[in-house]
**Student:** 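Here you go, one structure.
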Amino acid sequence: MNKDFYDKLIFDCSVKGRRGFSLPVNVFNDNLDDLPAQLLRNEAPALPEVDEPTIVRHYNNLSTNNFGVDTGFYPLGSCTMKYNPKINEEVAAAPGFAALHPAQPDETVQGALEAYHTLQSFLSEIGGMAEFTLNPFAGAHGELTGLMVIHAYHDHNGDFARDKVIVPDSAHGTNPASANVCGYKIVEVKSLADGTVDVDDLRSKLDNTVAAVMMTNPNTVGMFEKNIPEIARMVHEAGALMYYDGANLNPMLGVARPGDMGFDVMHINLHKTFSTPHGGGGPGSGPVGVRDGLQDFLPNPRVIYDETDDSYYVSTDSPEALGRISSWLGNFTVELKALAYILSLGADALAQVGPHAVLNANYIKDSLKGDYLLPIDGACKHEFVFDGLADKSTGVTTLNIAKRLLDFGFHAPTIYFPLLFHESLMIEPTETESRETLDRFIEVMKQIAREARETPKVVLNAPHNTPVVHPDDTEAALHPVVKYSEL
Ligand SMILES: *Cc1c(COP(=O)(O)O)cnc(C)c1O
């Protein structure tokens, strides 16, 4: 029997009356009157009727069709798909944490509150901020929360004319989206040829109607914004605040802190930098940090340490606070994984994360820059962008390269983002990959460039080895077929 049989034919192998389970006796059979009539079905659902081995093989085979960090190299730029140590999962699943109810009285969850509070103070130290809330559920949610803090700050000062947020043209799409959801108008600032923000363009857009400037540093092309002290000075002089999109914090770990660069508010993606599995929609966590003077605006609830009797409690009564932006205290298991990651590495190893992420990215970039077009040369941080193949005459596009990589068991890099280049191919290897993995990736990328020259059809028709070969992307988005058949 081959894998395909169990992959595809689960409905086709259905045999009427065949069972792989036995359910307890239906206690409602004699009491159907107890159930509302509209909840009763007249016919049994059309489910496949199969034996237990068939269904077990079906799902096990399906699970191996999925690609993840545990199955292969995943250089998806901007996403920091680093390896997630399994010890983090064990900590998060420990019954002492996993069996808690969020509404338990504070005195019965002192350990959990201490874990929350400890992570808050670790992140404050790492970000150079005065205080963090762990409540937001994702990076974008953190952006919205941070912008709401900025809004509350300006309102508090009676500064109601500030209705704009400035966002660089290289920013992640969530930046303008969050600013928009927060009620701000978006003003775009241009990037220079080296990918950094055009300071003159920014200066010309600053006035007393600007609430904040959102920046990502290193930015989405992997370049460090060297003018950040000057930018922060200009922005503060105009009365606006500096927002740091910390989804790219990984290369800064152990190297530099947003608070020291002049940022007032920031978020961190725990599900990127702090080693929590992500992709497929979560769960994530986007803690928000603020500099001294902005703490009062952070959302409720907060975890407070009471020195007098050395205990923790959950507070919801800060008068200036935003109120709730999430239920309870955020995604607690994600917070635990981040805490376990920080504690298991320790300060010294954590300070090696950034430099190694940078080294790995530069190693790949310099090894491939003859074959691929490198629009922004020079040392990058954690990621960099190729603008497709150096030789464009073959007709092979970034999409073809991404698909061909799948044949070799690599996840594709981020493609067609950032929008600064036509054929963007954005590569972020992260620090957790071995030299051998990087070398194998480089070898395959070189082979693809060679194929593009010599046998372009092989690349143009890729992938050849994946379970699904040539989906029609447009059709799949417009008319998704999520059922095996019209049952
Ligand atoms: C991933 C990312 C975000 C958004 O984070 P989510 O958790 O996906 O909402 C924002 N900015 C940058 C630069 C990112 O890479």
Side-chain angles (χ1 to χ4, degrees), residues 69 74-82 84 123 127 133-148 165-182 186 188-189 191 195-197 212-225 228 242-253 258 263 265-289 325-326 330-331 333-335 337-338 357 361 380-385 411 413-420 424 426-430:
V69 176
Y74 208 133
L76 192 67
S78 201
C79 292
T80 313
M81 304 301 285
K82 58 162 100 174
N84 310 293
L123 296 181
T133 172
L134 310 184
N135 297 5
F137 288 126
H141 195 198
E143 290 168 24
L144 176 62
T145 306
L147 289 166
M148 286 165 76
V165 165
I166 298 185
V167 180
D169 58 4
S170 65
H172 195 270
T174 50
N175 289 192
S178 304
N180 184 278
V181 171
C182 197
I186 319 300
E188 203 172 82
V189 60
S191 299
T196 60
V197 161
V213 176
M214 298 182 85
M215 286 187 63
T216 311
N217 197 17
N219 58 31
T220 59
V221 289
M223 300 309 277
F224 188 82
E225 298 281 353
I228 199 69
M242 291 279 288
Y243 184 91
Y244 183 86
D245 177 338
N248 285 359
L249 189 68
N250 205 45
M252 292 293 101
L253 278 188
F263 286 96
V265 181
M266 69 178 290
H267 81 267
I268 296 178
N269 282 33
L270 294 187
H271 48 290
K272 289 179 181 169
T273 308
F274 292 94
S275 175
T276 280
H278 64 290
S285 176
V288 169
I325 48 94
S326 58
N331 267 333
T333 53
V334 179
E335 294 157 13
K337 287 176 208 183
C380 64
K381 291 289 172 286
H382 59 308
E383 66 192 3
F384 60 93
V385 183
H411 195 283
T414 294
I415 59 171
Y416 300 108
F417 178 83
L419 306 176
L420 300 175
S424 283
M426 186 188 198
I427 298 175
E428 178 183 10
T430 84

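Start at 1 and go down the list; that is how both ligands and their atoms are numbered.
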**Student:** Consider only side-chain N and O atoms of Asn219 and Asn248, and report whether a donor and an acceptor are under 3.5 Å apart.
**Tutor:**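 Result is no, nothing qualifies.
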
**Student:** What class does the angle between the rings of His411 and Tyr74 fall in, given that below 30° is parallel, 30 to 60° is tilted and above 60° is perpendicular?
**Tutor:**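 Ring orientation, 0 to 90° scale: parallel.
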
**Student:** Between the side chains of Tyr243 and His267, is a donor N or O closer than 3.5 angstrom to an acceptor N or O?
**Tutor:**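 Side-chain D/A pair, Tyr243 to His267: present.
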
**Student:** When you pair each N or O of ligand 1 with protein N or O atoms, which pairs come out under 3.5 Å?
**Tutor:**
residue, atom, partner, partner atom, Å
ligand 1, 5 (O), Asn269, ND2, 3.0
ligand 1, 7 (O), Gly139, N, 2.8
ligand 1, 7 (O), Asn269, ND2, 3.3
ligand 1, 7 (O), His271, NE2, 2.7
ligand 1, 9 (O), Gly139, N, 3.4
ligand 1, 9 (O), Ala140, N, 2.8
ligand 1, 11 (N), Asp245, OD1, 3.3
ligand 1, 11 (N), Asp245, OD2, 2.6
ligand 1, 15 (O), Ser78, O, 2.8
ligand 1, 15 (O), Ser78, OG, 2.7
ligand 1, 15 (O), Lys272, NZ, 2.7

**Student:** Between Thr80 and Glu428, is there a side-chain donor-acceptor contact under 3.5 Å, judged purely by atom types and distance?
**Tutor:**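 Per modelled atom types, Glu428 and Thr80 side chains form a pair under 3.5 Å.
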
**Student:** State which residues pass salt bridge (Lys or Arg N to Asp or Glu O under 4.0 Å) with Lys337; sequence neighbours excluded, sorted by chain then number.
**Tutor:**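 With neighbours one apart ignored, the set is Glu89.
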
**Student:** Taking the side chain as C-beta and beyond, is there a heavy-atom pair between Pro75 and Met81 under 4.5 Å?
**Tutor:**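 They are not in side-chain contact.
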
